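Remarks on the structure that follows.
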Amino acid sequence: VKNKMRELRATMGWSQAEVAAMLDVSRQSVIAVETGKFDPSLPLAFRIARLFGRKIEDVFFYDD
Amino acid sequence: MSSVLDVRLCQVYLTLNMEADVMADVDENLPATPKLGLRFWVLWWGALAIVTAGFVAALSVLIRNGLWSSWTGMLTTAAFAVAITALASTPALVALRRNLGPKMRGPHRRYIMRFLPAMLVYSLILAPAITFYQDTKPEGVLAWVVAIAPAAPLLFAIRALMLYYKEEDDEFLKAMAVQSHLLATGFMMAICTTYGFLDMFDLVPHVDLWAVFPLWALCLVPAQAITMKKFR
């Protein structure tokens, strides 16, 4: 699963640490999700999308 | 490793044609885990080598001179355990003091606060239990109590691990822990099964079953390295 989390985070001007604090996860989690090394659970994916004010399909997408 | 990752992240960032002022606001150059520097780790490994060598030398002197007893054994292992506990805590304390990286999360902190005291108690009980058993050859219930005594704190250490799986609410950290622990369990089973058959055919020295947990802890080192490489 790919995502646009990094672009969205940069647009908002948020650091990885700030996003991690807002989501109540570790910064390692933010890095792992952003780089596509770790696929978040559906609840966390919804929370990430909601944090950026987007629909989940605008943030995460399946890459064939 | 994470600094390389961060550099790569910055390169990706630049290719996305983001504005430079936005770039300045993000902290990609901060490592995901604290970087304590080469000097610190040289000193740390040096201290570990000195403490271990001191422990082995003390044991050797005690045994050779016939001074080994429950008390001298307990004092020696207690001193070693305190030194190892202090050394194990140093990286986190120094990182905290230098304000490097994120603060330790609650579940991990609770795990450490449960695991380290259990291991400290284990190291305090082990030598006296062995020496007492060899010196007095207890029987009946007392023999069972003496034999179980070193295992009891290890059960608390295992409980600390189980509680960590339950309490860790960061799904990435939990996945890292579970995967590395499963991998370590696989390594341990492979080693124990192979060694067990070699032992059965008298091809290798017999090893008692208590060695399984320390072996698992040793297997955790390559298991964690492999898991971290996969995710970072």
Side-chain angles (χ1 to χ4, degrees), chain A, chain B residues 1-35 95 99-109 164 167-180 224 226-232:
Chain A
V1 174
K2 303 246 176 180
N3 66 79
K4 291 184 179 174
M5 202 172 151
R6 186 173 176 74
E7 293 97 312
L8 292 168
R9 183 172 63 77
T11 309
M12 304 294 272
W14 291 337
S15 68
Q16 289 169 339
E18 285 167 339
V19 170
M22 285 186 274
L23 292 168
D24 193 24
V25 297
S26 65
R27 185 160 168 255
Q28 292 100 313
S29 291
V30 174
I31 293 171
V33 173
E34 273 191 4
T35 51
K37 295 274 174 81
F38 178 72
D39 293 333
S41 66
L42 207 49
L44 180 57
F46 271 112
R47 278 166 55 206
I48 291 169
R50 192 173 293 169
L51 180 70
F52 292 115
R54 304 293 177 105
K55 289 179 182 173
I56 195 167
E57 59 267 33
D58 293 336
V59 183
F60 295 93
F61 52 95
Y62 189 73
D63 185 37
D64 295 318
Chain B
M1 189 69 179
S2 59
S3 61
V4 175
L5 176 68
D6 286 337
V7 170
R8 284 184 63 193
L9 283 176
C10 284
Q11 288 167 346
V12 172
Y13 198 102
L14 285 168
T15 58
L16 291 171
N17 296 320
M18 293 296 169
E19 290 180 14
D21 57 345
V22 177
M23 181 75 184
D25 289 331
V26 293
D27 59 352
E28 318 305 357
N29 292 320
L30 283 174
T33 48
K35 294 281 179 194
N99 204 21
L100 294 169
K103 285 182 181 172
M104 195 183 286
R105 291 173 60 81
H108 193 225
R109 191 173 56 244
Y164 176 71
E167 292 176 1
E168 181 55 80
D169 53 3
D170 185 300
E171 55 190 66
F172 171 67
L173 295 181
K174 187 186 250 182
M176 289 266 286
V178 169
Q179 289 202 21
S180 61
Q224 281 182 333
I226 292 167
T227 310
M228 282 172 78
K229 194 169 184 220
K230 182 183 166 190
F231 281 120
R232 288 179 182 171

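Here the structure is a predicted model, which means the values were calculated and not measured. Proteins get letters first, then strands, A, B, ... in listed order; numbering begins at 1 in each.
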What is the minimum heavy-atom distance between B/K230 and A/K37, and which atoms define it? O-CD, 3.7 Å

How would you list, by chain and number, every residue that makes a side-chain contact (heavy atoms from CB on, under 4.5 Å) with A/R50, sequence neighbours excluded? none

When rounded to the nearest 0.5 angstrom, what is the spacing between OG in A/S26 and NZ in B/K174? 13.0 Å

Output the distance between atom CD (B/E171) and atom CZ (A/F38), rounded to the nearest 0.5 Å. 4.5 Å

Do other residues, nucleotides or ligands put more than 12 heavy atoms under 6.0 Å from the CZ atom of A/F52? yes

Atom CZ of residue position A/R54 - does it have more than 12 heavy atoms of other residues, nucleotides or ligands inside 6.0 Å? no

What pairs with B/D169 under salt bridge (charged side-chain N to carboxylate O under 4.0 Å, His left out), at least two apart in sequence or on another chain? B/R105

